Amino acid sequence: MNADVQERAARIKLLLMDCDGVLTDGRIWLFENGEEQKGFHTRDGLGIDLLHRAGLRSGIISGRTSQAVETRARTLGMSFVVQGHENKVQAFADVLAQASVANDEVAYIGDDMNDIPLIMRSGLGVAVADAALETRERAHYVTKALGGFGAVREVIELILKSQGRWDELIASFCDAH
């Protein structure tokens, strides 16, 4: 981990992410009745819970609209959920204004080329391990985990460890015996 990434992570107050390919593996199961299904990793969910316990907020900005995403985001207590917004840059600016945070206080996790503008506008721009090459090339940090397989949790651990919060949050689990 280089010092620049740790310094960037130490400033983060808001974690934003794409959904498909980041919280999921990018596959969408479509049923004959038009409904869709996605799979989410439980470790990402616990990571988001830990992020919130540390007083940080989270959200999703997605070009697609999905009831599964809305349900998962609300279940996890995410503060910002923007779906069906083709202009992700405008959605990003709107969320930052609502959250009253500056660009350097935001981490954004993406996987594809439409995420590059948000990655480049973020204090900590992250690409998942299996992101498009162009996306990985422009990120401050590339996860070791694939999208949908703990990449979000990896970023949350990076942020909370850089802020000196990880050990106290983990202690709450270890002391709960």
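Quick caveat: nothing in here was measured; it's all calculated off a predicted structure.
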- prompt: What residues form a salt bridge (Lys or Arg N to Asp or Glu O under 4.0 Å) with D20, not counting sequence neighbours?
  reply: K38, R64
- line: Distance col, row M17:CE vs I48:CD1, nearest 0.5 angstrom, shows 4.5 Å
field: D130 side chain vs G147 backbone, donor-acceptor pair below 3.5 Å
entry: yes
task: Over all heavy atoms of both residues, which pair between Q83 and V69 is shortest? Give the atoms and the distance, please.
output: OE1-CB, 3.5 Å
Pairs where residues 89-101 contributes a residue and the test salt bridge (charged side-chain N to carboxylate O under 4.0 Å, His left out) is met, not counting sequence neighbours: none
- request: Give the minimum heavy-atom separation between A145 and G150, together with the two atoms involved.
  value: CB-C, 3.7 Å
task: Under the salt bridge (Lys or Arg N to Asp or Glu O under 4.0 Å) rule, collect the residues that match up with D18, sequence neighbours excluded.
output: K88
Residue pair I159 / A107: nearest heavy atoms and the distance that separates them: CD1-CB, 4.1 Å
- request: Would you mind listing every salt bridge (charged side-chain N to carboxylate O under 4.0 Å, His left out) that reaches into residues 155-173, with sequence neighbours excluded?
  value: R153-E157, E157-K161, R165-E168
Residues that R72 engages under side-chain hydrogen bond (donor to acceptor under 3.5 Å, both in side chains), provided they are two or more places apart: none
- request: Can you establish whether the number of heavy atoms outside R43 located under 6.0 Å from its atom CZ is more than 12?
  value: no
message: Let me confirm one number: the CD1-CD1 distance from I156 to I109, rounded to the nearest 0.5 Å.
response: 6.5 Å
query: Taking only residues two or more places apart in sequence, or in another chain, which ones meet D111 in a salt bridge (Lys or Arg N to Asp or Glu O under 4.0 Å)?
result: none
- prompt: Is there a side chain to side chain contact (heavy atoms under 4.5 Å, CB included) between V126 and L158 once you walk through the steps?
  reply: CA-CA 11 Å; V126 179; L158 165 66; 5.7 Å; no
query: Considering all heavy atoms of both residues, which atom of A139 and which atom of A127 are nearest to each other, and what is their separation?
result: CB-N, 3.6 Å
message: Rounded at 0.5 Å granularity, tell me how far CG in L133 sits from CE in M113.
response: 9.5 Å
- prompt: Nearest 0.5 Å, what's the CZ-CG distance between R121 and N103?
  reply: 8.0 Å
Donor-acceptor contact present, side-chain D112 to main-chain N114, <3.5 Å: no
Common cluster, F40/V128, ILVMFWY with side-chain heavy-atom separation under 4.5 Å: yes
Residue pair A73 / I60: nearest heavy atoms and the distance that separates them: CB-CD1, 4.0 Å
query: Who pairs with D49 by side-chain hydrogen bond (donor to acceptor under 3.5 Å, both in side chains), at least two apart in sequence or on another chain?
result: R53
- line: Applying side-chain hydrogen bond (donor to acceptor under 3.5 Å, both in side chains) to Q163 and not counting sequence neighbours gives none
query: Should E70 and R74 be marked as a salt bridge (charged side-chain N to carboxylate O under 4.0 Å, His left out) after you check the CA-CA gap, both sets of side-chain angles, and the distance that decides it?
result: CA-CA 6 Å; E70 185 73 31; R74 294 297 167 219; 3.1 Å; yes
query: Listed by chain and number, what are the salt bridge (Lys or Arg N to Asp or Glu O under 4.0 Å) partners of K13, not counting sequence neighbours?
result: E105
statement: So OG1 of T135 and CE of M120: to nearest 0.5 Å the spacing works out to 11.0 Å
message: Could you work out, with side-chain hydrogen bond (donor to acceptor under 3.5 Å, both in side chains) as the rule, every residue matching E86, not counting sequence neighbours?
response: none
message: Through direct or indirect side-chain contacts below 4.5 angstrom among Ile, Leu, Val, Met, Phe, Trp and Tyr, which residues connect to V95?
response: L14, L16, I61, F80, V82, V89, F92, L96, V101, V106, Y108, L118, I119
- request: Answer yes if L50 and M78 sit in the same cluster of Ile, Leu, Val, Met, Phe, Trp and Tyr residues linked by side chain heavy atoms under 4.5 Å apart, and no otherwise.
  value: yes
message: Let me confirm one number: the CG-NE2 distance from L146 to H41, rounded to the nearest 0.5 Å.
response: 10.0 Å
- line: Heavy-atom nearest pair, L51 first then S58, reads CD2-CB, 3.9 Å
statement: Hits for side chain to side chain contact (heavy atoms under 4.5 Å, CB included) against S79, two or more places apart or cross-chain, chain-then-number order -> R57
Minimum side-chain heavy-atom gap V155-T143 below 4.5 Å: yes
